[in-house]
> 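Quick one: the structure is below, questions incoming.
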There are 2 protein chains.
Amino acid sequence: MGRKNDRRVKYTKMVLKQSLLQLMQKQSIQKITVTDICKNADINRNTFYSHYSSPEDLLNTIESELFKKIRLSLDTSNDARTATLEICQSIWNNQELCKIIFSENGDRKFMKRVTTIAHDKFIAEWKVMSKHHSNDLLEKTYIFTENGTTAIIQNWIMNGFIESPEEIAAFIDEINKVVLDTLF
Amino acid sequence: MGRKNDRRVKYTKMVLKQSLLQLMQKQSIQKITVTDICKNADINRNTFYSHYSSPEDLLNTIESELFKKIRLSLDTSNDARTATLEICQSIWNNQELCKIIFSENGDRKFMKRVTTIAHDKFIAEWKVMSKHHSNDLLEKTYIFTENGTTAIIQNWIMNGFIESPEEIAAFIDEINKVVLDTLF
DNA sequence: ACTATAATACACATGGTGTCTATTTTACAA
DNA sequence: TTGTAAAATAGACACCATGTGTATTATAGT
């Protein structure tokens with residue numbers, strides 16, 4: 001019964017995560033060693049290896065947990081507008097973590113993985129209206145707006161959340177609408 | 001006189017560059033060691049260090065040379081449309097190199113550095129027309145289109161240059177126009 | 001042919017890695 | 001409360017890349 005719920009395991013994993021995030025505030029994941037993380041966490045290096053295989057592996061775990069949180073908040077909403085808003089709110093609710101994970105050295109692929117959730121709904125909505133257009137144009141437009149949207153959110157995070165989630169979501173909605181409405 | 005033009009130096013630098021690019025086809029720069037590069041190039045490791053300080057340093061050199069080429073082709077054109085086209089043509093003229101440098105593991109910051117040349121001209125042109133708008137909206141729109149444009153070019157490269165430079169430049173012009181004309 | 005210097009060969013201490021084998025500590029359950 | 005499984009630690013190990021020495025060889029340019 002006490003397999004994964006062992007207090008010792010929970011503590012170890014917790015401090016290792018904290019330790020990595022703390023180190024990531026000053027250096028990129030690429031330059032952080034297992035030894036660094038363990039010294040900073042006051043955890044034996046062998047213990048690290050019994051839970052994770054590398055700093056990247058540990059980071060993946062952290063990211064997956066955040067991703068799960070964000071996805072959970074989306075299960076209710078189906079249209080693109082509310083999905084965008086809820087993603088922004090999820091990020092807003094995890095500001096400290098997001099600041100680190102999506103920082104300069106942060107994993108762009110993961111950021112994209114998040115925005116894609118909402119963006120796919122955008123595209124699905126517009127795809128219906130664009131049957132007379134080539135898939136090629138749709139594909140290029142998708143790439144353009146996808147990456148633009150991702151950058152807007154990343155910039156919002158990096159600038160310290162000056163705008164509210166509502167404001168950012170509204171801007172994203174508007175500019176995506178402009179592009180897609182005009183082209184299709 | 002023969003300082004930097006020494007044939008030995010030219011050869012060494014050349015094979016080291018080739019070696020790194022070859023290795024980058026299969027792994028990211030992060031995982032490539034000095035030892036790897038030297039073994040692959042059949043160059044002594046000490047020789048590497050007498051020219052470059054790290055694999056990243058070597059890559060920076062390669063990137064800077066490409067950047068110089070691209071900038072050179074731009075000195076004639078002043079408007080955004082022709083600048084975009086000439087960048088696309090420069091990339092087209094260096095396909096093999098660009099495929100590697102802008103690959104999945106490629107340096108996104110460098111890709112942005114390139115597209116920014118043309119994009120800044122776009123923005124300068126539109127900035128004149130948008131005095132009545134907030135800098136904030138302009139800034140966000142800039143980020144959106146900047147990153148969208150970058151992604152389009154990157155995608156063009158990664159897909160193996162299916163379209164001509166003219167076609168890609170035309171799409172970039174059009175979609176940027178749509179966004180900026182509609183919002184301002 | 002001379003000479004400066006580029007390239008090589010060899011060596012070294014350093015530091016992180018991943019994986020062992022004990023040994024100690026501790027959470028949970030009977 | 002105590003027994004036990006398993007978690008954490010301690011210490012050691014070979015391995016490999018690093019960066020920096022020193023000495024030697026090869027060679028491009030004059």
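Within every chain, numbering begins at 1; the chains are lettered A, B, ... in the order of the sequence lines, protein sequences first and strands thereafter. Only a predicted model underlies this, so the values are computations on that prediction, with no experimental measurement involved. Because only heavy atoms are used, hydrogens play no part in the values below, and waters and symmetry mates are left out as well, while side chains stay in.
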> Mind calculating the distance between NZ (B:Lys10) and C1' (D:dG29) to the nearest angstrom?
12 Å
> Minimum heavy-atom separation for B:Thr150 and B:Thr115, please, with both atom names.
OG1-OG1, 2.9 Å
> Between C:dA9, D:dA10, D:dG29, spot the one nearest the side chain of B:Asn44, thanks.
C:dA9
> Ignoring backbone atoms, establish whether A:His51 has a side-chain N or O less than 4.0 Å from OP1 or OP2 of D:dA7.
no
> Between A:Lys10 and A:Asn5, is any side-chain donor less than 3.5 angstrom from a side-chain acceptor?
no
> Check the distance between D:dT18's P and B:Gln30's CD and give it to me in whole angstrom.
13 Å
> Pick the closest DNA chain C nucleotide for A:Arg8 and for B:Ser50 by heavy atoms, then say which residue is nearer the 5' end.
B:Ser50
> Would you list the pairs meeting salt bridge (Lys or Arg N to Asp or Glu O under 4.0 Å) in which at least one residue belongs to residues 166-184 of chain B, sequence neighbours left out?
B:Arg81-B:Asp173
> Report each atom pair, protein N/O against N/O of nucleotides 16-19 of chain C, whose distance is under 3.5 angstrom.
{"residue": "C:dT17", "atom": "OP1", "partner": "A:Val34", "partner atom": "N", "Å": "3.2"}
{"residue": "C:dT17", "atom": "OP2", "partner": "A:Val34", "partner atom": "N", "Å": "3.4"}
{"residue": "C:dT17", "atom": "OP2", "partner": "A:Thr35", "partner atom": "N", "Å": "3.2"}
{"residue": "C:dT17", "atom": "OP2", "partner": "A:Thr35", "partner atom": "OG1", "Å": "2.9"}
{"residue": "C:dG18", "atom": "OP2", "partner": "A:Tyr49", "partner atom": "OH", "Å": "2.7"}
{"residue": "C:dG18", "atom": "N7", "partner": "A:Arg45", "partner atom": "NH1", "Å": "3.0"}
{"residue": "C:dG18", "atom": "O6", "partner": "A:Arg45", "partner atom": "NH2", "Å": "3.1"}
{"residue": "C:dT19", "atom": "O4", "partner": "A:Asn46", "partner atom": "OD1", "Å": "3.2"}

> Is a salt bridge present between B:Lys17 and B:Glu65, judged by a nitrogen-to-oxygen distance below 4.0 Å?
yes
> Would you kindly give the CE-to-P distance between A:Met14 and D:dA8, to the nearest whole Å?
12 Å
> B:Arg7 has an atom CZ; how far is it from atom P of C:dT5, in whole Å?
18 Å
> May I have the distance from A:Ile43 (atom CD1) to C:dT26 (atom C1'), rounded to whole angstrom?
14 Å
> Applying side-chain hydrogen bond (donor to acceptor under 3.5 Å, both in side chains), which residue pairs with at least one partner in residues 41-50 of chain B are found, sequence neighbours left out?
none
> Where do A:Lys121 and A:Asp79 come nearest, in terms of heavy atoms and distance?
CD-O, 4.4 Å
> Nearest whole angstrom, please: distance from the P of D:dA7 to the OH of A:Tyr52.
13 Å
> Does B:Thr12 put a side-chain nitrogen or oxygen below 4.0 Å from OP1 or OP2 of C:dA7?
yes
> Assert yes or no for the condition that the ring centre distance of B:Phe171 to A:Phe144 is strictly below 6.0 Å.
no
> Given atom CG of B:Asp42 and atom P of C:dT8, what is their separation to the nearest angstrom?
7 Å
> Just how far, in rounded Å, is C1' of C:dA7 from CG of B:Asp6?
10 Å
